[in-house]
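The structure appears below as structure tokens.
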Amino acid sequence: MAGAGASGVDWLRRERAGQQSGKRKQPAEGSRGSLQRFNMAAGAETFSLREVLVAFTACVSEQREVRVDPYLAGWKGLVRFLNCLGTIFSFISKDAVTKIEIIENYRNSDQREKYLTVQSMVEYELANGLVDLQQRSKHPNSGCRTFLRLHRALHWLQMFLEGLRTGEDNSKTSVICSETYNASLANYHPWIIRKAAGVAFCALPTRNTFLETMNVGTAEEAVAMLGDALPYICEVYKITEELYAQHKLLDLP
Ligand SMILES: CCCCCCCC/C=C\CCCCCCCC(=O)N[C@@H](COP(=O)(O)O)[C@H](O)/C=C/CCCCCCCCCCCCC
């Protein structure tokens, strides 16, 4: 994996070996969503950035396909983290949970195999006319459209995590979050959402406190882990962006 420090990903190999052997307990995954189930209060002590990042590192197959299940597992972990930051972020969590559940429902449907990867989802939905290409109508919550919203948020996430990783000790998470949001996701949101997000960002702690909230040790250890995992998140984003661009799906309504 280009960019991932070869020596630095030992934690990653241990985590994935643990998962494969069944020794590492995956976060509880239900088939039906609710904000409460994602709530950190239920498992606040079990959240770990490590498990989120391991999920994203498991997304890309040898054939450069993006697997949907680990992608959703990564987002579920992020939502759990978000929920422990306070109810001011609940309007964001609710939307993320809704989108995760839409795609989960496709993965629990009779067509579940068509939604195994982003590539198979795009192929299936386009071949069967299941995507509203010009305006939301017969298929307002297609997998392609819903996944695109999470994909756009992943762009913000990778910018935000990079900003945290490279920021000064005394930098403000709220500033990093605002700047990366305004440079990415904000371009797809109406004024009211942008204003609400801006207010929520003010509730964020300092960078080092935020890094320590990730529950992987010191701020320095969290920064090192972000450096190991970010190349994988960037690869997931890059593959999805290329796929959507190839099929002219980047502006789905
Ligand atoms: C552990 C690593 C540390 C990073 C922690 C980050 C935790 C982030 C968790 C979830 C991220 C937010 C996911 C948001 C998905 C938003 C999808 C979207 O754009 N939805 C809009 C469009 O959907 P449609 O209306 O077209 O169906 C929707 O209209 C808006 C929803 C609500 C607000 C979206 C604001 C997004 C702010 C992103 C920054 C989150 C900051 C978290 C604090 C660190």
Side-chain angles (χ1 to χ4, degrees), residues 27 35 38-40 44 47-56 71-103 132 135-136 139-165 167 172-216 219 222-223 225-230 232-233 250-253:
L35 196 55
F38 287 77
N39 194 320
M40 273 300 289
F47 170 83
S48 163
L49 168 66
R50 183 181 283 109
E51 292 183 2
V52 169
L53 299 180
V54 164
F56 280 112
Y71 189 93
L72 296 182
W75 275 114
K76 287 182 183 180
L78 288 168
V79 168
R80 274 199 292 271
F81 181 88
L82 186 60
N83 287 333
C84 81
L85 295 180
T87 53
I88 196 168
F89 293 99
S90 59
F91 76 105
I92 301 174
S93 303
K94 284 174 184 161
D95 186 74
V97 167
T98 299
K99 290 174 166 63
I100 291 166
E101 288 175 1
I102 288 170
I103 298 173
D132 290 339
Q135 60 182 23
R136 286 183 94 178
H139 309 286
N141 293 317
S142 65
C144 286
R145 173 211 194 270
T146 306
F147 197 95
L148 176 61
R149 269 57 185 180
L150 293 176
H151 170 65
R152 289 169 175 170
L154 191 69
H155 185 213
W156 162 79
L157 180 72
Q158 71 179 48
M159 293 174 71
F160 175 62
L161 297 183
E162 181 63 12
L164 279 176
R165 188 182 74 84
K172 292 185 177 181
T173 312
S174 56
V175 172
I176 299 169
C177 197
S178 296
E179 290 177 350
T180 51
Y181 172 70
N182 292 335
S184 56
L185 207 43
N187 296 304
Y188 302 100
H189 292 163
W191 180 86
I192 190 66
I193 292 287
R194 297 201 303 270
K195 289 304 162 196
V199 170
F201 299 160
C202 295
L204 291 168
T206 63
R207 170 186 175 270
N208 279 17
T209 302
F210 189 86
L211 288 168
E212 286 158 8
T213 310
M214 293 179 182
N215 200 17
V216 291
V223 165
M225 185 166 287
L226 289 175
D228 293 338
L230 262 166
Y232 293 91
I233 293 175
L250 286 170
D251 297 313
L252 288 178

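Note that ligands are numbered from 1 as they come in the structure, with each ligand's atoms numbered from 1 the same way. Keep in mind it's a predicted model, so treat the numbers as computed, not measured.
- Around atom CG of Asp251, no more than 12 heavy atoms belonging to other residues, nucleotides or ligands sit under 6.0 Å away.
- Ligand 1 does not have Lys94 within reach: every non-hydrogen atom of the residue lies 4.0 Å or more from it.
- Contact annotation for Ile193 and ligand 1: only side-chain heavy atoms (C-beta onward) come within less than 4.0 Å of the ligand.
- Side-chain polar atoms of Thr209 and Thr206 form a donor-acceptor pair below 3.5 angstrom.
- Residue Cys177 has at least one heavy-atom neighbour below 4.0 Å for each of these atoms of ligand 1: 41 (C).
- Taking distance alone, with nitrogen or oxygen atoms compared against 3.5 Å, Arg136 stays at or beyond that limit from ligand 1.
- Distances below 4.0 Å separate heavy atoms of Leu78 from the following atoms of ligand 1: 1 (C), 2 (C), 7 (C), 9 (C).
- At a heavy-atom distance under 4.0 Å, only side-chain atoms of Phe160, from C-beta outward, approach ligand 1.
- The side chain of Arg145, and not its backbone, has at least one atom closer than 4.0 Å to an atom of ligand 1 (non-hydrogen atoms only; side chain from C-beta on).
- For Trp156, the heavy-atom gap to ligand 1 drops under 4.0 angstrom.
- Taking the six-membered ring where tryptophan is involved, the planes of Tyr181 and His189 are tilted, since the angle between them lies from 30° to 60°.
- Contacts between Met214 and ligand 1 below 4.0 angstrom, taking non-hydrogen atoms only, involve the side chain exclusively.
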